[in-house]
Amino acid sequence: MTLVYEGKAKRVYSTDEDHVFRIEYKDEVTAGNGAKKDSMAGKGRLNNLITSYFFERLAQEGLESHFIKKLSDTEQLVKAVTIIPLEVVVRNYAAGSIVRRLGFDKGTQFKSPLVEFYYKEDALNDPIITDDHVKLLGIADDQDIAELKRQALIINDMLVKMMDEMNLQLIDFKIEFGKDQDGNILLADEISPDTCRIWDKDTKENFDKDVYREDTGSLIDTYTQFYNKLEAL
Ligand code: C5P
């Protein structure tokens, strides 16, 4: 097994099978592009279990991703894709960087979901970019940009419905896509409390990485509570 890629939260290995990778979720947690960093026992397991659950549910509802199956508490088998260097963010309510950048009050509901692209480039601090920048950088053409937005909004609809069943509000989330060997655009990476903002509808309590970013609670306890809610669905 060759290590193909190591990121902040995951390692990707090749397998004996062509076009199939094994992903290992790590216990490392970072915020602010690595400015804050810790290791927390059990974090990799929780994000693997939560991501596997979401990818399975999306598949059941007709949204294909790179996910093939969960291999263990901390590992998944996935289709090999070439990651498109974009962080695709969908926002239903204002929080985080859009509050700082555009001055919305935190929690303001948007009339319709907003899709944003960020250029996935650590050295540049992942800047927000326009569709024209995406094309200028040669990352995607008009057709691919439309497909990324289409899938992002479908995923948002599906996730909002699931959160609703748990009395939770999906504030925003980040997803990544890749292209398989046939050029199909597939949802990849992860969907977990690391990559979503999720609030309790009544108390507005966070079930996401903001508890770590803002030092307001235990990340492991928060993710465990969220996983228990998912399992009860
Ligand atoms: O920080 P910002 O408000 O732009 O984040 C929007 C959403 O994208 C949040 O749910 C956050 O957790 C997620 N995100 C992420 N990885 C990043 C940046 C943002 O998962 N590098």
Side-chain angles (χ1 to χ4, degrees), residues 5-10 23 25-26 28-38 40 43-44 46-48 50-51 54-55 65-66 83-110 113-130 133-134 139 148-149 151-153 155-160 162-163 166 168-178 187-200 204-217 219 222-223 226-227 230:
Y5 170 82
E6 177 158 8
K8 296 187 197 88
K10 293 184 279 300
I23 295 189
Y25 280 67
K26 305 197 292 186
E28 267 67 44
V29 51
T30 62
N33 192 17
K36 192 173 172 188
K37 199 173 168 197
D38 285 285
M40 295 187 192
K43 190 256 186 185
L46 284 162
N47 277 0
N48 179 45
I50 293 167
T51 296
F54 278 133
F55 282 174
S65 72
H66 74 158
I83 292 289
I84 298 168
L86 290 177
E87 298 196 332
V88 181
V89 169
V90 182
R91 300 181 190 270
N92 297 302
Y93 298 84
S97 67
I98 199 164
V99 167
R100 295 192 295 274
R101 193 174 346 106
L102 301 180
F104 286 104
D105 287 333
K106 188 173 169 182
T108 303
Q109 184 168 15
F110 297 134
L114 174 72
V115 182
E116 298 173 335
F117 293 131
Y118 293 79
Y119 182 29
K120 205 171 132 63
E121 179 57 67
D122 281 347
L124 300 174
N125 250 321
D126 302 338
I128 188 166
I129 56 175
T130 65
H133 292 135
V134 173
I139 296 171
L148 292 169
K149 290 183 183 174
Q151 289 198 35
L153 290 172
I155 293 161
N156 183 52
D157 281 349
M158 292 175 175
L159 293 179
V160 165
M162 277 187 243
M163 300 291 173
M166 296 183 278
L168 298 173
Q169 240 174 309
L170 180 61
I171 304 302
D172 57 33
F173 62 95
K174 183 265 308 184
I175 44 180
E176 295 182 23
F177 292 90
L187 171 66
D189 195 51
E190 68 178 284
I191 300 179
S192 74
D194 266 9
T195 61
C196 300
R197 276 196 186 92
I198 304 154
W199 294 357
D200 182 284
K204 308 297 175 195
E205 179 190 358
N206 277 97
F207 286 96
D208 56 57
K209 197 159 87 173
D210 274 354
V211 298
Y212 173 74
R213 293 189 187 102
E214 297 167 1
D215 267 323
T216 51
L219 179 141
T222 301
Y223 287 23
F226 179 71
Y227 180 58
L230 258 191

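Counting convention: from 1, in listed order, for ligands and their atoms alike. If you read the sequence from its start, that first residue is 1, and numbering goes on from there.
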Please verify the inter-ring angle class for H66 with F55; under 30° counts as parallel, over 60° as perpendicular, anything in between as tilted.
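It falls in the perpendicular class, over 60°.
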Going by the angle between their ring planes, with limits at 30° and 60°, are F104 and F110 parallel, tilted or perpendicular?
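Perpendicular: the ring planes of F104 and F110 meet at over 60°.
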Considering non-hydrogen atoms only, spot the tightest contact between R213 and A31 and give its length.
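Closest heavy-atom pair between R213 and A31: CG-CB, 3.9 Å.
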Sort and list the pairs that fulfil salt bridge (Lys or Arg N to Asp or Glu O under 4.0 Å) and have at least one residue in residues 190-199, not counting sequence neighbours.
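Checked against salt bridge (Lys or Arg N to Asp or Glu O under 4.0 Å) - neighbours excluded - the pairs reaching residues 190-199 are K10-E190, K43-D194, D172-R197, R197-D210.
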Near [X], which atoms of ligand 1 are under 4.0 Å from a heavy atom of that residue?
{"X": "G96", "value": "3 (O)"}
{"X": "A95", "value": "3 (O)"}
{"X": "Y118", "value": "4 (O)"}

Closest approach of any protein heavy atom to [atom], naming residue and atom:
{"atom": "atom 5 (O) of ligand 1", "value": "R197 NH1, 3.6 Å"}
{"atom": "atom 18 (C) of ligand 1", "value": "E87 OE1, 3.7 Å"}
{"atom": "atom 2 (P) of ligand 1", "value": "S97 OG, 3.4 Å"}
{"atom": "atom 13 (C) of ligand 1", "value": "K174 CB, 3.5 Å"}
{"atom": "atom 10 (O) of ligand 1", "value": "D172 OD1, 2.6 Å"}

Given side chains that start at C-beta, do those of Q151 and I175 come closer than 4.5 Å, heavy atoms only?
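Contact flag for Q151/I175 side chains = no.
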Under-4.0 Å heavy-atom contact with ligand 1, by part of [X] that carries it:
{"X": "D194", "value": "backbone"}
{"X": "R213", "value": "side chain"}
{"X": "K209", "value": "neither"}

Quick one: list whatever passes ring pair (Phe, Tyr, Trp, His ring centres under 6.0 Å) with Y5, sequence neighbours left out.
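By the ring pair (Phe, Tyr, Trp, His ring centres under 6.0 Å) rule, Y5 matches no residue at all.
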Do any heavy atoms of K120 fall under 4.0 Å from ligand 1?
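The answer is no, since K120 has no heavy atom less than 4.0 Å from ligand 1.
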Is there a donor-acceptor contact under 3.5 Å from the side chain of D208 to the main chain of I198?
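Answer holds: yes.
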Can you find an N or O of R100 that's nearer than 3.5 Å to an N or O of ligand 1?
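By distance alone, the answer is no.
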Under 4.0 Å between a side-chain nitrogen and a carboxylate oxygen: does that hold for K36 and D215?
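Answer for the salt bridge query: yes.
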Look up atom CG in D126 and atom NZ in K120, then write down how far apart they are to the nearest 0.5 Å.
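If I round to the nearest 0.5 Å, the distance is 7.0 Å.
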